[in-house]
Amino acid sequence: MRLPYSWLRQYVDVKLAPEKLARALTLSGTKVESVARHGDDTVIHIEVTTNRPDCLSITGLARETAALSGKRIQFPKIGPVASKGEALRVRVEDKKGCPRYTARLIRGVSVKPAAPVVQKWLDAVGTRAINNVVDATNFVLFETGQPLHAFDFDKLAGGGIIVRRALKGEKFLAIDGSTYELDAETLVIADREKPVAIAGVMGGKLTEVTESTKNVLLESAYFEPVTVRRASKRYKLTTESSYRFERGVDPGAVAPASARARDLILEAAGGRETGRFLDANFLPKSKPRRIALDVLRVNRRLGLSVSAPRVVSILKSLNIPAAASGKNRVVANAPDFRRDLLEEIDIAEEILRVEGFDKVTAKLPERHAYFEVPPQTKKKEALPELKKRLALMGFWEAITYSFVSEKMLVDCGERPERCFKVKNPVSADWTHLRPSFLPGLLQCARYNVHRKADRLSFFEIGKRFVKGEDPEEQTALAVLLYGPLENNWMRKSASSFYDVKGAIENAIRFLGAREFEWRPLTDDRRFDGAATLLLGGKPVGMAGSVSARSLERWDIPHEVFFAECSLEWVPSQKPITPQAQPLPKFPAVRRDIAFVIDEKFSVKTIAESIIKTGSPYLKEAELFDQYIGKNIARGKRSLAFSLCYRKETGTFTDEEIRLIHERVGQALKSEYKVELR
Amino acid sequence: MIEALKEIETRAKEEALVVRDAKAFEALKNKYLGRKGLFAFLTARISEVAPEERRAVGQEMNRVKQALEEIFSEYGKSLGASGAVYTKEIDTTMPGTYPAAGSLHPLTLVVQEVTSIFERLGFRAVDWFEAEDERHNFDALNIPTDHPARDSFDNFYLDDPVDGERNLLRSQTSTVQIRFMDWVKETKRRPPFKIIAPGKVYRPDATDATHSFMFHQIEGLYVDEDVSFAHLKGVLERFAKEFFGPETMTQFRPHFFPFTEPSAEMDVQWESRGWLEILGAGMVHPRVLRAVNIDPQRYSGFAFGMGVERMAMLKYGVKDIRQFFENDIRFLRQFA
């Protein structure tokens, strides 16, 4: 809303410089965005909050100005609302969309340009001057906040008005020159043949007031906000009129605004009012809204100390009738133009904003009581620390969009049917909720690879949404590796499946997981080689090498390793506190064992078998090498384990160790037909 | 015995690796292969080995001797005629090779900093759904049925409800106020509580340098007996000074939010940049308290919300909100 300073001064004799007024308005809740010169005037640009449609008018802002400056407001004198003469034919078929419709008829106008000052002010508020009749309706719109429309009466077929919903497919030629095909939910003002306006939004070209117009039908109405908003969005037409109807105009101002516009038309364009003022009013009669105020309580809630008389005087300065009733009680009467005032706290806000937020002395709360938070929150408490750990492990944190496109899903082998679809996506790129971080992180990998990145290590923690799982909204963690894990002048090492596996293991151990295992995941199209992570027997995550087919589709030249894990299993109780065990008293003896073995046996199986044979002296069998290739038959691999023997009661002799170690080798030979190396 | 032999082989290898000059090299060679060296010491003890093992030990001795000679001849060669390979001191300008740390996302840095400031003020972080229902996103927050904020133009609605009940993406983290207070009610608890809730929110805005259809907010809520607007100012001023620095000035302006009354916006004056709007706040609306069965006669509270992207843009001088979601490592690295 633009407020020309000289126009404001028509109603309130404000002496403050525009900049000072702007600051006072801002600090009392009428936020000023800028103050700018406009010709010989100053225009204050104001952002009006949705609860204060009354401030979408010069008189509304004059009320605020008067309250802040202690001046009285002078409203323009308006002639009588009622008039006598010929009956007007108006039929309101849709009382829900149009609870009040008024019309008056003025004959014999001479249409020409409006007075220069009117043109200047309209220009200052950002509306083009048209002619003295149209400009008078616009003038009143800005002055009072009530939108009006003037029709060329002689062009209304049948000489009357019907307020109805449009017929589906009905055409409407608007003042802006465009033709709109209407839908059946659109409320229109129509004559006998056609729509002549989209109610509250825009008038029609065929009935607009032009220089040849002689007789004018003047509309002032209350259109239901939702109906107007829908039409405005539907036809992408935002006008000064729709803007105000959407936010709700003052139903009590409908008739006076009409009279005011008539006065201005007669003054500017001559003619005389010949019709009987028509007022089709279906609104319930407005009741006085009395709001009682406990001044002590208000002071306590606000941290203020205002007296009851001061409260009364502030309210009166805002044109809110109020009176003290008892020492600490005030009763206010909420006026029609302030439908945002409903209960005590609303009035309290008025007191505070006029008194000034700076009157409240800031203080910190003194009470510090303990309180509980829900378990589902407690399980998330470790996540900030986990993020820090992953960063220290060398991962960059990515935050990708929670939306993905169908193409992204298909390109990485996801099934779109297990994803939630957005009903109103912003574009075809963001149609589904992500069921996994894979599409988002692959896109992020591609983005960087195309910008010459040669190694990437990302993690992301956030929500994913999977249809049919329990719960369907899940907090999860993902890691992605691309290119070498290390690449410096001393060392180069390629990244692998085992690196993302290890990263996920680090993360879940930190979160308290102890008993977990990995099983082959063979039927997942997204990966060439992958494993499922099981926790307590339940699958919670996976790690894998992104399929070559996906990489080709994403145009990523080298292998990508990806792992993802739900974090819904994280315990809300702290895991069991570790208890320190005594350290071994006697030194351990380390022996290596290397052998060639059929590749169908898993390292886990072999290690368990070794430990079993070496029992009770063998506690650990650590894999330290795997070799496949030259000199090793197809279908076989060479594995090397480092074994750590220990006795609780003393040191081993060489002979003891030799025997035990041989036994381990023999057992492997007989059980797995290994070939010791 | 065999163990000991293996051990001197391993040690010799390791120590030879770090030798820097000819003198140290000679000393080392002497230590292992000299007349009174370690190898000589062990060979002298062959008599202690049981006769049936001697053969094996002897074989191992031969192998280790050969290995040691190889080690010292190889390193001797590399030391060269001049007598030194590592004559040059460490080149301190060569890059360090310990794997570098990654980084937290700048939005996470802001979230973590803001959260920890409020934690020092007694708040606890909570986390809740991103897919929400209309009660938590609107009704209980005093946003009536026909309010424009509920339009599909301003919210993302889903084809199927998540977990069978939540059919839109939250447009504000204020939903957590209701979630938390519902939980308080259901578990028969009472105020006081002070919570801080960071998280993602979604609005179908056209994307440009300052708008994104997904962004982050941090919501705060404090309810107790006799919480006043003075506490709102006290806590938020403290926050501003902690986050932007002790010299930061604050200003509160009236504003409008459906779920608070009175409502305010807080501006900060920071590094002579003029007044910058950084958060919205207000006293919890009595209707919101009533919606979660908290008696507004007895209890009062304040709530606030801030945009994480905006804070991060101000703090780190980021010019385009889209940079946060591109995850360009050249951008992310700047926050390591």
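Throughout, protein chains are lettered first and strands after them, A, B, ... in sequence-line order, and every chain is numbered starting at 1. Only a predicted model underlies this, so the values are computations on that prediction, with no experimental measurement involved.
- Residue B:Pro106 does not touch chain A at all, counting heavy-atom pairs closer than 4.5 Å.
- Note: B:Phe213 and A:Trp430 have tilted aromatic rings, judged against thresholds of 30 and 60 degrees for the angle between ring planes.
- Residues B:Trp128 and A:Gln376 are in side-chain contact: their nearest non-hydrogen atoms beyond the backbone lie under 4.5 Å apart.
- With respect to B:Glu326 and A:Arg451, no salt bridge is recorded, no charged nitrogen being found less than 4.0 Å from a carboxylate O.
- Residue contact with chain A, scored on non-hydrogen atoms closer than 4.5 Å, involves the backbone of B:Pro161 exclusively.
- Of all heavy-atom pairs between B:Ile329 and A:Ala453, the closest is CD1-CB, 3.7 Å.
- Of the possible polar contacts, none joining the A:Lys387 side chain to the B:Thr108 backbone as a donor-acceptor pair under 3.5 Å is found.
- Side-chain contact between A:Ile345 and B:Pro262 is present, with heavy atoms from C-beta onward closer than 4.5 Å.
- A:Thr361 OG1 to B:Phe229 CZ: the interatomic distance, rounded to the nearest 0.5 Å, is 12.0 Å.
- Looking at A:Phe459 and B:Leu104, their side chains come closer than 4.5 Å, going by heavy atoms from C-beta outward.
- The nearest pair of heavy atoms linking B:His105 to A:Ala398 is CD2-C, 4.2 Å.
- With a 4.5 angstrom heavy-atom cutoff, A:Phe395 touches chain B only via backbone atoms.
- Only the side chain of B:Lys200 has a heavy atom closer than 4.5 Å to any heavy atom of chain A.
- Between the side chain of A:Arg297 and the main chain of B:Gln297, no donor-acceptor pair closer than 3.5 Å is present.
- Ranked by heavy-atom pairs under 4.5 Å with chain A, the list B:Phe193, B:Phe129, B:Phe257, B:Trp183 is led by B:Trp183.
- Side chain of A:Lys380 to main chain of B:Ala125: no donor-acceptor pair is present (N/O by atom type, distance under 3.5 Å, no hydrogens or angles).
- At a 4.5 Å heavy-atom cutoff, the contact between B:Phe180 and chain A is made by side-chain atoms alone.
- Side-chain contact check for A:Phe371 versus B:Val184: every heavy-atom pair is 4.5 Å or farther apart.
- With respect to chain A, the highest number of heavy-atom pairs below 4.5 Å among B:Arg190, B:His147, B:Arg287 belongs to B:Arg287.
- Of the possible polar contacts, one joining the A:Thr377 side chain to the B:Asp127 backbone as a donor-acceptor pair under 3.5 Å is found.
- Judged by distance alone, the side chain of A:Asn424 and the main-chain N or O of B:Asn155 form a donor-acceptor pair under 3.5 Å.
- Within 6.0 Å of the NZ atom in A:Lys236, the count of heavy atoms belonging to other residues, nucleotides or ligands does not exceed 12.
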Criterion side chain to side chain contact (heavy atoms under 4.5 Å, CB included) on A:Phe357 and B:Arg253, from CA distance to verdict: CA-CA 7 Å; A:Phe357 279 13; B:Arg253 285 179 289 102; 5.7 Å; no
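- For the pair B:Phe335/A:Glu397, no side-chain contact is recorded, criterion being any heavy-atom separation below 4.5 Å from C-beta on.
- In terms of heavy-atom proximity, A:Gly303 sits nearest to B:Ala230 at CA-CB, 4.4 Å.
- By the 4.0 Å N-to-carboxylate-O rule, A:Glu381 lies close enough to B:Arg124 to be salt-bridged with it.
- Classification of B:Arg290 and A:Glu343 as a salt-bridged pair holds, one side-chain N sitting under 4.0 Å from a carboxylate O.
- Within the 4.5 angstrom heavy-atom criterion, only side-chain atoms of A:Arg591, from C-beta onward, approach chain B.
- Using a 30° and 60° split on the angle between ring planes, B:Tyr202 and A:Phe403 fall in the perpendicular class, above 60°.
- Looking at B:Ser212, only its side chain comes within 4.5 Å of chain A, counting heavy atoms on both sides.
- At distances below 3.5 Å, not a single donor-acceptor pair connects side-chain atoms of B:Glu261 with backbone N or O atoms of A:Glu349.
- Interface residue B:Arg166: only side-chain heavy atoms are found under 4.5 Å from chain A.
- Counting heavy atoms of neighbouring residues, nucleotides and ligands inside a 6.0 Å radius, atom OH of B:Tyr98 does not exceed 12 of them.
- Atom NZ of A:Lys363 has 12 or fewer heavy atoms from other residues, nucleotides or ligands within 6.0 Å.
- Salt bridge annotation for A:Lys233-B:Asp151: absent, with no cationic side-chain nitrogen under 4.0 angstrom from a carboxylate oxygen.
- Surrounding NZ of A:Lys421 are at most 12 heavy atoms belonging to other residues, nucleotides or ligands under 6.0 Å away.
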Evaluation steps, side chain to side chain contact (heavy atoms under 4.5 Å, CB included), between B:His216 and A:Ile399: CA-CA 11 Å; B:His216 295 73; A:Ile399 298 182; 3.9 Å; yes
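- Proximity to chain A (any heavy atom under 4.5 Å) is shown, for B:Glu186, by neither the backbone nor the side chain.
- Side chains of B:Glu265 and A:Lys31 form a contact here, defined as non-hydrogen atoms less than 4.5 Å apart.
- For the options A:Glu372, A:Glu344, A:Glu246, heavy-atom pairs under 4.5 Å to chain B are most numerous at A:Glu372.
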Test log, rule side chain to side chain contact (heavy atoms under 4.5 Å, CB included), inputs A:Lys467 and B:Val162: CA-CA 8 Å; A:Lys467 272 189 181 169; B:Val162 172; over 6 Å; no
Derivation and outcome, side chain to side chain contact (heavy atoms under 4.5 Å, CB included), residues B:Met94 and A:Trp489: CA-CA 9 Å; B:Met94 284 177 89; A:Trp489 59 270; 3.6 Å; yes
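- B:Leu158 places a side-chain heavy atom less than 4.5 Å from the side chain of A:Leu433.
- Between B:Val235 and A:Pro365 there is a side-chain heavy-atom pair separated by less than 4.5 Å.
- Both the backbone and the side chain of B:Phe252 have a heavy atom closer than 4.5 Å to some heavy atom of chain A.
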